[in-house]
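Report on one structure; see the data block that follows.
Protein chains get the first letters and strands the later ones, always in sequence-line order, with residue 1 at the start of each. Computed from a prediction, not measured in an experiment: that's the story for all the values here.
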Amino acid sequence: MDCQKLAERLLPGKYPALSFYEEKYPPRALGRDAEVTRLAPSPTGFIHLGNLFVAIANERIAHQSGGVMYLRIEDTDDKRRVDGAVEAVKNALRYFSIRFDEGAEIGGDDTYAPWYQRQRAEIYRAFVKDLVARGKAYPCFCTEEELSALREAQTEAKKITGYYGEYARCRNLTEDEIYRNLDAGKPFVIRLKSEGNAEHKLSFRDEIKGDITVTENDQDVVILKSDGIPTYHFAHAIDDHFMRTTLVIRGEEWLASLPIHLELFSVLGFDRPRYGHNCSLMKQDGETRRKLSKRKDPELSLEFYRQEGYFPRAVRVYMLTLLNSNFEEWYRKNPEKPLEEFPFSVRKMGKSGALFDLDKLNDISKNELSCLSAEEMYAFLKEWADEYGSAEEKKYFENRDYLLKVLNLVMGTGGKKRRKDIMTARQSMTLLSYFFRKGNREDAYRTDAKTKDDILNAFLNTYDCNDDAQVWFSKLKEVASSLGFAAEMRDYKADPGAYKGSVSDVAEVLRIATTGRANTPDLWTVMRILGAEETKKRIREEIGT
RNA sequence: GGCCUUGUGGUCAAGAGGUUAAGACGGCGCCCUCUCACGGCGCAAUCCCGGGUUCGAUUCCCGGCAAGGUCACCA
């Protein structure tokens, strides 16, 4: 068989010598320990938590080592392509502070461009052609129907499915048969002529999982599809080589195809990057756990966190705690330090899949948000409201000074007694709403109408907006005891039967009257912010209702 | 089914041949308290199973079992 001739027939035309590409994409001039990492999503437009998870690891490793992190778009499958996807990916990752140094639509050094695989078709073909010429790859004319029939027969016979060994029909086609098929215009793919043996085990050092055993690949995998575009396996080998990637952190769903990748690097004569296979994020689903799924789990979508108004840093912190188990301790000890100073370690990455825990994320969010100054909180909330807030919520931001005051006093931002129960921007809108509208009365009075009016009237008679918190409260106590309520909780608890209730019941009436709710931040503070006029107005409206 | 990976409380997990087996989240209870919140204190809960090695294994070895991943002209 004249392989050279076959290669020319399959991939006609002049391709550069392979050494051309080695020169065009030279090794990077970086320090010895510098890692070159990448994120290589396909442009489906859907970027999820798993992508972010892996992206953070790759980003940390690259930048911590003085290396480079780039964005490559794996668009070899035309069917999955969605317009605007790259922009969406870029924006989502930027929102969560993933910084790329170069790559698709990133700018930066373009020595290793293009970053879209479809634009690299010529490179792949040059190497496929070389493989064919060297007898390491061959054309396959099997149709999809034939292949699925093969698969069924193999399953039936309890054999391993796939295109390998005796089942690789086109592998043994004679020169005549090949050219007859070509002359007939039959579509073909190009397959790797695997030299592996599935009986052979080899040991492999995974950067995360440690030493593992893998089985040699013996599948004649497709490397060039009938549309002339390579499969992922082939494209990634070429790209990671020529983009001079040193370390690939990817999801463990790739572990199974590692043998293919090893053989590909070997037959191409490339040094391969090091690999680390990261556990995937799981979710409890009834009795079992499973990978987070795009269709069933809204919390998988990065968009979910933006809509809910999660503080991006909180998401990042949570990812980091899952990624490196010692991060949480470090963070506790170094709350002031930038996250970038944490010594991220590939070795510390977990080997088993972690359940995604929304409670934990929420807890982290509360802590993160409670650390913000009023100004920072304002900026964060405004950004969220501009995009996702209701028309009414957007109005909260019209009076900046007023809102800052609210933030300061009610949320305790910047102070010592801060609230720590706020997880998201969306949720904090509820808290803010007290100060902008009374809204619907969410909680009903628990006293009878007359008692309620008595309390309200009595309060109005003594109310002075200049009173400090203590005076204000002692006046409230007077109102309480004048109407038969216990002024001190102690007294009430000692003998509940002797009173109509306690100060807390009196305060509750007032609370509902001013805000419509039984649970609010400190009432004195609320009234202070609302101002005397608004407070009185709201209370008067409640009398006689 | 084949192959690979993983197995410490409900969750994330530290850990070492001998420990009262850390810590965090969640749960529960108590205290503080005008409600919410904040804060403080406390409680419950774990080494997948069976062999072996050993004076001693949750830790080392073997075998099970379970869970997850993967078996495309998708990545």
Inset, instruction - Would you classify I212(A) as touching base, sugar-phosphate or nothing, given that sugar-phosphate means primed atoms plus P, OP1 and OP2, and contacts are heavy atoms under 4.0 Å? - result: sugar-phosphate
Inset, instruction - Only counting residues at least two apart or in another chain, list the ones meeting ring-ring contact (aromatic ring centres under 6.0 Å, His included) with Y138(A). - result: none
Legend entry - Contacts of type ring-ring contact (aromatic ring centres under 6.0 Å, His included), residue F356(A), not counting sequence neighbours: Y318(A)
I'd like a list of close polar pairs between nucleotides 41-45 of chain B and the protein, N/O only, cut-off under 3.5 Å.
none

Legend entry - Partners meeting side-chain hydrogen bond (donor to acceptor under 3.5 Å, both in side chains) with D78(A) (sequence neighbours left out): R81(A)
Inset, instruction - Output the residues of residues 354-365 of chain A in contact with RNA chain B, where contact means a heavy atom of the residue under 4.0 Å from an atom of the strand; sort by number or write none. - result: A354(A), L355(A), D357(A), D359(A), K360(A), D363(A)
Inset, instruction - Using the C1' atoms only, state how far U33(B) lies from C41(B), rounded to an integer number of Å. - result: 16 Å
Please write out the pairs of protein N or O atoms and N or O atoms of nucleotides 58-60 of chain B separated by less than 3.5 Å, giving the distance to one decimal.
none

Inset, instruction - Strictly below 4.0 Å, heavy-atom distances to any atom of RNA chain B: list the hits from residues 227-237 of chain A, or just say none. - result: Y232(A)
Inset, instruction - Apply ring pair (Phe, Tyr, Trp, His ring centres under 6.0 Å) to the pair Y70(A) and W115(A), showing each step before the final yes or no. - result: CA-CA 9 Å; Y70(A) 67 85; W115(A) 308 100; 5.5 Å; yes
Legend entry - Non-neighbouring partners of F342(A) that pass ring-ring contact (aromatic ring centres under 6.0 Å, His included), sequence neighbours left out: F327(A), W330(A)
Inset, instruction - Specify the residues of residues 162-171 of chain A, ordered by number, for which at least one heavy atom lies under 4.0 angstrom from an atom of RNA chain B. - result: none
Inset, instruction - Starting at the 5' end of nucleotides 63-69 of chain B, put B wherever the base has a protein heavy atom under 4.0 Å, S where only the sugar-phosphate does, and a dash everywhere else. - result: ----SSS
Inset, instruction - For RNA chain B, determine which residues of residues 186-200 of chain A have any heavy atom closer than 4.0 angstrom to one of its atoms, and list them numerically. - result: V189(A), R191(A)
Inset, instruction - Salt-bridge test for D227(A) and K225(A): reply yes if a basic N is under 4.0 Å from a carboxylate O, no otherwise. - result: no
Inset, instruction - Only stems of 3 or more consecutive Watson-Crick or G-U pairs count here, both distances under 3.5 Å; name the ones for RNA chain B, or none. - result: B:1-7 with B:65-71, B:10-12 with B:23-25, B:27-31 with B:39-43, B:48-52 with B:60-64
